[in-house]
Amino acid sequence: DTAHLFAPQDAWRFRWNKNDDTPLPPDEPAGQNPPDGAIVHYFLKSAAQSVTLEILDAQGRVVRKYSSSDPIEPPVEGRNIPDYWIRPPQQLSAAAGSHRFVWDLRHARPAVVNFSYPIAAVYRNTEKEPRGSWVLPGRYTVRLTVDGTRYEQPLVVRMDPRVKTPP
């Protein structure tokens, strides 16, 4: 095989940043949380021309799609925060080797006039807002397509157990 998609662990829909005020200074000691979302690992034996990653719901509908040819989104112009707060962009790699990609358990960003960054920033981990809506907890399929060959693995998205709101 020229590629391998590893089975992802269950992903927990968890709102990790509950800070709603001015962020800590970057020189303040702080731990780092694991990536927020479903962590997808894949291996490419050699460089590929085209790599896509799709997340499908239980009915087989595409919930989110990424491509190695997607352009990297630049930071918001006229931003209200220093650059060291911004999460570095993530791109689906088509290079040979082992790769990690994190799906944020959300639908695509809404079509809005402009984006901004929240004041509750986290050093090198602040996403622009608004983000897409959360997906529902349930069963999904991760589909990796490498130069036309498909690889699939199941993925379970679980709700934060502290949330008691019924579906």
Side-chain angles (χ1 to χ4, degrees), residues 3 5-6 8-44 46-56 62-137 140 142-146 155 157-160 162-163:
L5 174 62
F6 296 90
Q9 294 181 340
D10 290 358
W12 294 86
R13 216 180 86 172
F14 176 76
R15 192 177 313 273
W16 61 268
N17 183 6
K18 295 172 208 61
N19 177 20
D20 57 3
D21 201 356
T22 305
L24 295 172
D27 56 343
E28 182 78 24
Q32 185 174 3
N33 289 317
D36 53 328
I39 302 171
V40 177
H41 292 99
Y42 64 98
F43 173 78
L44 302 178
S46 58
Q49 295 295 315
S50 170
V51 176
T52 60
L53 181 71
E54 297 169 297
I55 309 299
L56 301 113
V62 175
V63 172
R64 196 77 185 264
K65 182 177 181 178
Y66 303 93
S67 171
S68 57
S69 62
D70 289 342
I72 293 180
E73 293 182 18
V76 173
E77 289 291 326
R79 53 196 164 273
N80 58 335
I81 63 171
D83 289 350
Y84 58 78
W85 284 353
I86 299 171
R87 179 183 290 172
Q90 159 178 244
Q91 188 167 31
L92 192 66
S93 180
S98 295
H99 303 285
R100 169 190 272 191
F101 191 86
V102 180
W103 170 46
D104 62 3
L105 306 181
R106 294 176 180 267
H107 294 276
R109 293 184 189 280
V112 297
V113 174
N114 57 19
F115 293 94
S116 64
Y117 295 99
I119 190 63
V122 176
Y123 177 71
R124 294 189 51 78
N125 203 14
T126 304
E127 279 277 336
K128 64 184 178 184
E129 300 283 347
R131 298 170 74 185
S133 60
W134 288 101
V135 297
L136 294 173
Y140 292 83
V142 177
R143 177 188 292 159
L144 180 74
T145 305
V146 179
L155 169 67
V157 174
R158 299 190 182 279
M159 187 59 147
D160 183 335
R162 297 170 299 173
V163 175

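Small disclaimer: the values here were computed from a predicted structure and weren't measured.
- The two atoms that bring Ala47 and Ala96 nearest to each other are N-CB, 3.6 Å, heavy atoms only.
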Verify side chain to side chain contact (heavy atoms under 4.5 Å, CB included) between Thr126 and Ile86, making sure each step is shown before the conclusion. CA-CA 5 Å; Thr126 304; Ile86 299 171; 5.7 Å; no

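- The heavy-atom pair separating Val146 from Ala48 by the smallest distance is CG1-CB, 3.7 Å.
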Derivation and outcome, side chain to side chain contact (heavy atoms under 4.5 Å, CB included), residues Asn114 and Val76: CA-CA 8 Å; Asn114 57 19; Val76 173; over 6 Å; no

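- A salt bridge does not link Asp83 to Arg124: none of the charged side-chain nitrogens sits closer than 4.0 Å to a carboxylate oxygen.
- If you take CG on Leu155 and CD1 on Ile39, they are separated by 11.0 Å, rounding to the nearest 0.5 Å.
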Would you please test Leu56 and Tyr140 for side chain to side chain contact (heavy atoms under 4.5 Å, CB included) and show each step? CA-CA 5 Å; Leu56 301 113; Tyr140 292 83; over 6 Å; no

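- For the atom pair CG of Leu44 and OG of Ser68, the computed distance is 9.0 Å after rounding to the nearest 0.5 Å.
- Atom OH of Tyr123 sits about 14.5 Å away from atom CZ of Arg87, to the nearest 0.5 Å.
- Here the shortest heavy-atom pairing between Tyr117 and Pro75 reads OH-CA, 3.4 Å.
- To the nearest 0.5 angstrom, Arg131 atom CZ is 11.5 Å from Phe115 atom CZ.
- Qualifying side-chain hydrogen bond (donor to acceptor under 3.5 Å, both in side chains) partners for Ser116, counting only residues two or more places apart in sequence or in other chains: none.
- A search for ring-ring contact (aromatic ring centres under 6.0 Å, His included) contacts involving Tyr66 returns Phe101, not counting sequence neighbours.
- In this structure, Val142 and Pro8 have side chains that are in contact, with non-hydrogen atoms separated by less than 4.5 Å.
- Gln90 contributes a side-chain N or O that, together with a main-chain N or O of Val102, makes up a donor-acceptor pair within less than 3.5 Å.
- The pair Asp160-Arg13 fails the salt-bridge criterion, with no side-chain N (NZ, NE, NH1 or NH2) lying under 4.0 Å from an Asp/Glu carboxylate O.
- Shown here is Lys65, whose NZ atom has no more than 12 heavy atoms of other residues, nucleotides or ligands within 6.0 Å.
- The list of side chain to side chain donor-acceptor pair (under 3.5 Å) pairs with a residue in residues 100-113, not counting sequence neighbours, reads His41-Arg100, Arg64-Asp104, Arg109-Glu127.
- Residue Ser67 forms a side-chain contact (heavy atoms from CB on, under 4.5 Å) with just one option from Leu53, Thr52, Thr145, and that option is Thr52.
- For CD of Glu129, the number of neighbouring non-hydrogen atoms (other residues, nucleotides, ligands) closer than 6.0 Å is greater than 12.
- Residues Ser98 and Phe43 approach most closely at OG-CD1, 3.5 Å, considering heavy atoms.
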Should Glu73 and Lys128 be marked as a side chain to side chain contact (heavy atoms under 4.5 Å, CB included) after you check the CA-CA gap, both sets of side-chain angles, and the distance that decides it? CA-CA 11 Å; Glu73 293 182 18; Lys128 64 184 178 184; 2.7 Å; yes

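- Atom NE2 of His99 sits about 5.0 Å away from atom OH of Tyr42, to the nearest 0.5 Å.
- Gln91 places a side-chain N or O within donor-acceptor distance of the main-chain N or O of Asp70, the cut-off being under 3.5 Å.
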